[in-house]
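Data first, discussion second: the structure below is written as structure tokens.
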Amino acid sequence: MPSYDEWGQAIVDYFSKSLAQGEPLYLRTDAQTLEEVGRLADWHFKRPVNGESWCEDFVFAVRNYMLTSDKKVDEHWIYEQNKQLNPLKPPKELPWLAFQVLAASKMRRDDQKTMGNYYGQLRELLQLPGQSKPKGIDYPIWEGLWRRWNRWVSARGWEPTARKEKQYIDYPILQCLLRDGEGDQVQRLWYQKKISADLNRSQLRQWFNGKTLYQINKRLHQQLYSGQPPELFDLLYHLYLDGAWQSAEPTAARIRPSVEAGLYRFENSLNDTISYQLYPRQRASMRTQSLSVRDPQGQVQELQLQRPGWFAPLEGALQDPRQNLNLEIVAPEAYQRLIFRGAPIWALVQDPDQPDSYATWHRPDPGENFILFCHEDLQNEIKQMVRQGLLSYEERKYGEAFGLPQHWLEYYDCQILRNEPEAWRRLQEQAPDIWELLYPRGNLYLSTSGGLRARSQEGQRGWLADYAPQVQVQSNIRDLTDTQLQVWQIHDSGEETLYWEGQVDSAGPHTLFWNGPGQYRVNVQLANGTESDKQIRLLDWPELSLPLVENGFAYEMENKMMMRGGLLQDA
């Protein structure tokens, strides 16, 4: 059977293969996910050894590793032996953290997030009686392991998500987006209500908002209505697209899952035209490097994996971004359809490595520049957002002059300015398509501006240390008096040192003080105790990834000067 360490590597492989840089990583290790992890892992055995499922094998491996002979959890030993973080190797505590999340998933639809409820599930997995905290769990170490996991996630270029709201058990509970049985409950409701199979994200959200907490459980109802965290709705939307709910007893084992398509913006500098193309998104369970799709003209296009999480765009401009498309996936055979759900508005964010590239890689965060591509019918709603101080943009252009569909236009250099709860609630009622697209992911953000972005030789994104970014506070609280900013330097050992702290009374941007190249955690805390973190990496010149000129090129100009440095290659 796989060892404790092998499970750690398999879990990282499962979540990272399709996770693009900058995306949030949730360690959502419920029983169904662990089954997929075991099935897709590169192990010499093809089936579980110690039980009837891969999940049982995982529980057996972690329980034997973490429990001492006197039935105590040995967190202290695992914390001490792994102080030196290695970005290329999963931290030693990862399977134990995933085990904690598995316990949270088994709370089912329990609305009471009490320690007794959670520890009862954890003890059951550990085969220990009782409902209290197991012996050997030390809260400072418990939190230290989760914070170290956040630092490792950030070092790999993803957005860490582990946090505590009030209790230490929040760390695993908030990682669990769907608890056991909740996905099946929602799918049965879809089947019973006979909803349309052609809804886009905004339409499905409106369907949920029309339901009471008696039709879906209280926990899901509150989170779906508030939009926090948005990744929960993404998970449900993929269940909806797969279509297993169209039968009386939905089960993932009986259906071939689908692949969702977003939009990629292609700008042709030779003829000054712009086109939007279908952009297939890789699923976590996909291990193929290519995707063969039958396009709307009936031709089969083979698309290579362009980057983690995304295949290359489908050739050919999209004619109507509001039209639904269901295209056949020819290969791999395990997947059935490439699905595009049309909408009247789209937000496309910039690729940090290619400033001219825009796509629906993720929803824009406050302070992040993006392009709005929308139908002219939504102009008044966008003007209203600008008047309310929720949105800004620099320029607006009708797209027909650039080859875009008629009656569509682009807004350039857009930014979400602040999270004002009442204004966003009104927007949700008046323009649900815009709300679904732009509603911020939380109540407090730290955003960056300026500086010179760079990438290390290992592929880690950051900023050049001599040109560090400024930091801006984005909050739904207008009064930022007594806002505390801290800069923590993260050492190679994983330990943190408070390097600088100070108070600010405005959103910024603020120039912070750094201690040269390295990794930092910037923390902001409001007077009411709300806080947020952002990881920032500053790179030194020798760390940078720079292209090597293998073939020199020189050109003698008319003034007898010589131009050098170009690179000539065969097309």
Side-chain angles (χ1 to χ4, degrees), residues 193 195-196 198-213 215-216 220-234 236-237 240 262-263 320-324 341-349 360 362-399 405-445 474-478:
K193 299 300 181 181
I195 68 171
S196 168
D198 297 319
L199 303 182
N200 62 26
R201 287 175 181 267
S202 175
Q203 292 164 339
L204 185 64
R205 173 83 69 181
Q206 293 176 63
W207 184 88
F208 272 118
N209 287 344
K211 305 304 166 192
T212 67
L213 57 83
Q215 293 173 294
I216 56 176
L220 280 182
H221 186 273
Q222 289 176 339
Q223 292 186 328
L224 288 171
Y225 187 75
S226 69
Q228 305 297 342
E231 289 77 20
L232 168 61
F233 183 68
D234 290 343
L236 290 173
Y237 189 65
Y240 169 79
L263 286 184
D320 186 358
R322 294 183 296 181
Q323 179 184 356
N324 291 343
R341 289 290 177 260
I345 185 169
W346 299 85
L348 296 99
V349 296
T360 53
H362 61 259
R363 60 193 297 143
D365 287 328
E368 180 179 22
N369 282 4
F370 60 96
I371 289 177
L372 269 182
F373 177 51
C374 70
H375 195 271
E376 62 181 4
D377 290 348
L378 292 176
Q379 288 184 86
N380 290 334
E381 285 80 1
I382 293 175
K383 289 178 182 178
Q384 182 68 13
M385 286 190 71
V386 172
R387 283 195 295 267
Q388 293 177 344
L390 298 179
L391 181 73
S392 69
Y393 66 89
E394 293 296 326
E395 191 178 6
R396 181 193 68 177
K397 288 184 179 180
Y398 272 89
Q406 194 175 21
H407 306 303
W408 283 76
L409 45 85
E410 291 185 325
Y411 291 82
Y412 301 100
D413 292 326
C414 297
Q415 275 197 8
I416 299 170
L417 298 180
R418 67 169 184 265
N419 188 357
E420 187 71 30
E422 187 56 40
W424 284 105
R425 273 193 291 271
R426 288 195 299 269
L427 183 70
Q428 185 176 13
E429 297 172 359
Q430 299 165 4
D433 289 301
I434 301 179
W435 183 92
E436 180 62 43
L437 189 69
L438 301 181
Y439 183 64
R441 282 200 303 226
N443 298 321
L444 179 64
Y445 290 90
Q474 301 280 346
S475 171
N476 61 1
I477 301 174
R478 291 185 179 182

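- Between I345 atom CD1 and S202 atom OG the span is 10.5 Å, to the nearest 0.5 Å.
- Below 30°, between 30° and 60°, or above 60°: for W408 and H375 the angle between ring planes is above 60°, a perpendicular geometry.
- Residues L224 and L236 are in side-chain contact: their nearest non-hydrogen atoms beyond the backbone lie under 4.5 Å apart.
- Between E422 and R425 there is a salt bridge, since at least one side-chain N of the basic residue sits less than 4.0 Å from a carboxylate O of the acidic one.
- Of all heavy-atom pairs spanning P440 and I416, the tightest one is CG-CG2, 4.2 Å.
- Here Y398 pairs with E376, Q379, L409 under the side chain to side chain contact (heavy atoms under 4.5 Å, CB included) rule; sequence neighbours left out.
- With hydrogens and angles disregarded, no donor-acceptor distance shorter than 3.5 Å links the side chain of N200 to the backbone of R341.
- The side-chain heavy atoms of Q388 and R426, taken from C-beta on, include a pair separated by under 4.5 Å.
- For the atom pair CG of L199 and OH of Y237, the computed distance is 7.5 Å after rounding to the nearest 0.5 Å.
- Considering only heavy atoms from C-beta on, L372 comes within 4.5 Å of L437 through its side chain.
- Counting only heavy atoms from C-beta outward, the side chains of L438 and F370 approach each other to under 4.5 Å.
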Between Y412 and I371, is the side-chain contact (heavy atoms from CB on, under 4.5 Å) condition met? List the steps. CA-CA 5 Å; Y412 301 100; I371 289 177; 4.1 Å; yes
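- Comment: R201 does not engage E436 in a salt bridge, judged by the lack of any side-chain N to carboxylate O separation of less than 4.0 angstrom.
- Checking side-chain atoms of R205 against main-chain N and O of D433 turns up no donor-acceptor pair under 3.5 Å.
- Rounded to the nearest 0.5 Å, atoms CD (Q203) and CD1 (I195) are 10.5 Å apart.
- No side-chain donor-acceptor contact under 3.5 Å links H407 to the backbone of D377.
- For the pair W207/S196, no side-chain contact is recorded, criterion being any heavy-atom separation below 4.5 Å from C-beta on.
- Shown here are the side-chain hydrogen bond (donor to acceptor under 3.5 Å, both in side chains) partners of N324, two or more places apart in sequence or in another chain: there are none.
- Here the straight-line distance linking atom CD of E231 with atom CZ of R363 works out to 8.0 Å at 0.5 Å rounding.
- Under the rule for a side chain to side chain contact (heavy atoms under 4.5 Å, CB included), the partners of S392 that lie at least two apart in sequence or sit in another chain are Q415, L417.
- Summarising the geometry, atom CG belonging to L391 is positioned 4.5 Å from atom CE belonging to M385; distances are rounded to the nearest 0.5 Å.
- Taking CZ from F208 and CD from Q215, the interatomic distance works out to 11.0 Å, rounded to the nearest 0.5 Å.
- You'll find the side chain of Q428 stays beyond 4.5 Å of the side chain of Y439, heavy atoms only.
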